[in-house]
Amino acid sequence: MIFLSDIDVDSINTEFTPFSFSYGFDLSNLTESIKKVGLINPPILRMQKNEFIIVIGYKRILALKKLKLEKTKGFILSEDESPLECLLMSFYDNLSVRKLNEVEKAIFLSKLSSYIKSEEIVERYLPLIDLPKRKNIYEMYIWIESLSEKAKKLIASEAVSIKTIRLMYEKEIPLEEIDIYIDLMGKLSFSFNEQIQLVEYTNDICRKENIKLKGLLKKEEIKEIIKNPSLGKKDKAKRLMDILKKMNFPNLYLAEKTFKKMVDSCNLPDGVEIRVPFYFESGYRMEISFKNGKELRGKLKRLVENKELGKIKDPWKGE
Amino acid sequence: MEGRIKEIFVQKEALGYPFTYRILERLKDRKFHIIKEESPFFDDPRYKPKKDSLYLLVHKGSFLKPCPGTKQYICCRYQILNIGINCPLDCSYCILQAYFNQPYLRIFVNIEDGLKEVLNYIDERKDEIFRIGTGEFTDSLALDPITEWSKILIPHFSKRKNVILELKTKTGSIEGAISLPYRERIIISWSLNSPLISTKEEHGAISVEKRIKLAGICQKEGFVVGFHFDPLIFYPNWKEDYLRTIDLMERYLDPSKIIWISLGSFRYMPELKNIIIRRHKKSVVLNGEFIKGMDGKMRYFKPIRIELYSYMYDKLSSWYKDLGIYLCMESDDVWKESFGWSPKNSQGLKDFLDKRVIKFFGR
């Protein structure tokens with residue numbers, strides 16, 4: 001049973017919200033809208049121990065409270081409605097108008113897990129929130145719910161990619177180290193690919209050197225970059241990745257630098273490039289851009305006469 | 001090894017094969033269950049081994065499959081006789097950990113039917129030499145006391161002229177093979193590593209020294225033997241450690257009765273990395289400079305591989321010149337850099353190894 005009623009906004013509990021999973025939202029548009037045209041869709045509430053629990057309309061109630069409005073219309077559900085029915089009502093209502101962010105998915109699945117077995121959640125509910133029907137995915141989202149607020153905020157705002165979070169989960173990185181990563185990702189500006197590399201590189205280095213992430217970040221050359229006031233967030237991230245690459249792949253790093261020097265010393269004609277295959281696994285390639293045969297002949301002649309070209313070799317080979 | 005098996009699951013269809021009953025008889029004190037489905041899939045990529053569960057199944061596909069080499073690297077064109085999947089050992093670097101959804105021991109009970117087809121196929125191609133092994137998806141001999149695979153397979157392969165059967169193991173289960181009167185065209189091989197890697201990473205396997213001693217016994221019993229240094233692991237002091245293994249080989253083996261020694265550096269599918277990190281916290285196998293190879297697998301950066309191979313090649317060759325040393329899944333330039341020669345392509349490597357077969361067993 002459901003009926004419409006006038007309700008004191010103060011009697012609505014916004015702390016205990018078992019049926020809401022909204023996270024990482026901005027109320028400004030909603031408050032503006034309520035200011036101009038009032039509340040168009042009344043919230044749905046459930047009476048519980050002399051107060052109202054929000055079933056649908058958490059953000060609307062927050063907006064009303066922010067605007068210090070005292071009264072609102074609201075639909076009241078009878079107490080017969082089970083908590084699971086209320087949660088699903090809220091879920092389908094949200095699903096009909098928007099996509100959930102990754103943290104909201106985590107909160108919803110976590111709340112749902114109090115009422116439904118994991119197998120059924122995996123089978124029925126994961127596809128509804130665009131997740132594959134896999135138990136480990138479900139478990140990862142339950143784990144996301146346990147992350148710090150700072151981490152969840154960055155995940156919800158997509159400042160940290162879900163792929164990065166998944167990698168941390170798969171590597172079983174402890175929660176305190178996740179917070180260090182999150183802090184770093186907030187301070188510096190990494191692309192999504194760099195975020196993944198950051199986790200891979202640092203995890204590899206810590207394992208090889210048998211040190212903790214905290215210890216790695218205390219290394220002088222890394223500290224200098226992070227604290228350098230003259231560098232922007234992106235430059236800091238790039239330099240940090242470069243240092244981590246050097247620490248993780250010392251031979252490859254040196255080979256790439258040495259090869260570049262060799263190529264630079266050749267002073268190749270404009271439009272001629274020597275390309276290094278991925279990780280030096282296959283042969284080198286030269287690319288020549290030209291407008292006509294005459295120009296090509298000219299470039300080829302210069303290349304044949306270029307003695308430095310004859311010195312190009314695998315960079316790890318001695319004299 | 002059989003002591004570790006606690007439960008047996010028999011596919012209903014497997015009840016139609018005598019092999020099933022022989023295994024059940026040998027393990028008659030274990031609980032067994034009849035299952036309808038082929039074998040369950042576990043929806044949990046966090047690989048948890050179930051090495052105490054043995055599944056007796058009917059294999060639907062072909063028993064003989066070419067080794068899944070890739071075009072980008074030189075492959076020896078080995079053929080795999082697929083008698084079972086997974087093994088009771090728990091090596092930290094094992095690729096089978098990535099097949100997380102069926103983490104239990106699987107044995108194919110229709111092996112005798114499958115074998116007939118395989119032998120027909122071989123007999124119809126008398127001009128071709130088949131190098132066949134059972135040790136790719138399982139250890140060839142670890143389960144021999146239960147399966148008696150050696151008794152089923154050896155007599156058939158030993159009497160054919162265009163095939164060799166290689167039984168590759170890290171265990172000491174050689175009694176079954178030795179008890180048979182067949183020696184021709186059967187190669188018993190051991191995977192070798194440095195003593196340190198063997199102790200730290202090859203859980204459940206016998207020591208390197210025991211493997212080499214057993215290989216010496218097999219040689220004295222008239223078997224041709226082979227060795228596989230795969231995966232070679234790059235770590236501090238690897239040179240001294242691998243040299244200790246080569247020293248043991250010198251002490252216990254007759255090098256003229258070694259048909260081949262393969263070298264392969266550690267490589268892995270990217271998805272294996274986190275499984276190793278999670279399952280083998282003290283493992284050192286990932287502590288190298290790994291790059292993505294042309295086949296999509298992770299492998300050591302090229303100069304590191306060359307250093308590993310050339311060192312092993314020099315040390316082994318200085319013991320004996322004609323050991324049939326070859327590289328597993330490497331490029332032409334790595335061959336040349338490491339060995340000073342190259343078979344150029346997969347056909348060239350197949351020819352090289354086929355010639356070793358002819359040299360040791362004739363045609």
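Numbered from 1 within each chain, the chains take letters A, B, ... in sequence-line order.
The shortest side-chain heavy-atom distance between A/Trp316 and B/Ile306 falls under the 4.5 Å cut-off. Using a 4.5 Å heavy-atom cutoff, the side chains of A/Phe278 and B/Lys292 are not in contact.
Contact record, B/Phe301 with A/Phe280: CE1-CD1, 3.7 Å, taken as the closest heavy-atom pair. Contact between A/Leu252 and B/Glu289 at its shortest, heavy atoms only, is N-OE2, 2.7 Å. In this structure, A/Lys208 and B/Gly288 approach most closely via the heavy-atom pair NZ-O, 3.1 Å. In terms of heavy-atom proximity, A/Glu281 sits nearest to B/Tyr73 at OE1-OH, 2.5 Å.
B/Gln72 does not touch chain A: none of its heavy atoms, backbone or side chain, sits under 4.5 Å away. Heavy atoms of A/Asn251 lying under 4.5 Å from chain B belong to its backbone as well as its side chain. For A/Asn210, no part lies under 4.5 angstrom from a heavy atom of chain B. Contacts of A/Pro315 with chain B are absent, with no heavy-atom separation under 4.5 Å from either backbone or side chain.
Environment of CZ in A/Arg239: sparse, with no more than 12 heavy atoms of neighbouring residues, nucleotides or ligands closer than 6.0 Å. Within 6.0 Å of CG on B/Asp52 lie more than 12 heavy atoms contributed by other residues, nucleotides or ligands. Within a 6.0 Å radius of CD in A/Glu120, more than 12 heavy atoms belonging to other residues, nucleotides or ligands are found.
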### Task
Tell me, with the steps shown, if A/Glu170 and B/Arg278 meet salt bridge (Lys or Arg N to Asp or Glu O under 4.0 Å).
CA-CA 8 Å; A/Glu170 285 174 354; B/Arg278 224 174 25 239; over 6 Å; no
### Message
side chain to side chain contact (heavy atoms under 4.5 Å, CB included), that's the test. Do A/Asp204 and B/Asn287 meet it? Break it down for me.
### Response
CA-CA 7 Å; A/Asp204 283 349; B/Asn287 290 3; over 6 Å; no
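Under the 4.0 Å criterion applied to side-chain N and carboxylate O atoms, A/Glu200 and B/Lys273 are assigned as salt-bridge partners.
Options B/Arg305, B/Lys281, B/Arg299 differ in how many heavy-atom pairs under 4.5 Å they form with chain A, and the most are formed by B/Arg305.
The closest donor-acceptor contact from the side chain of A/Arg207 to the backbone of B/Leu286 lies under 3.5 Å.
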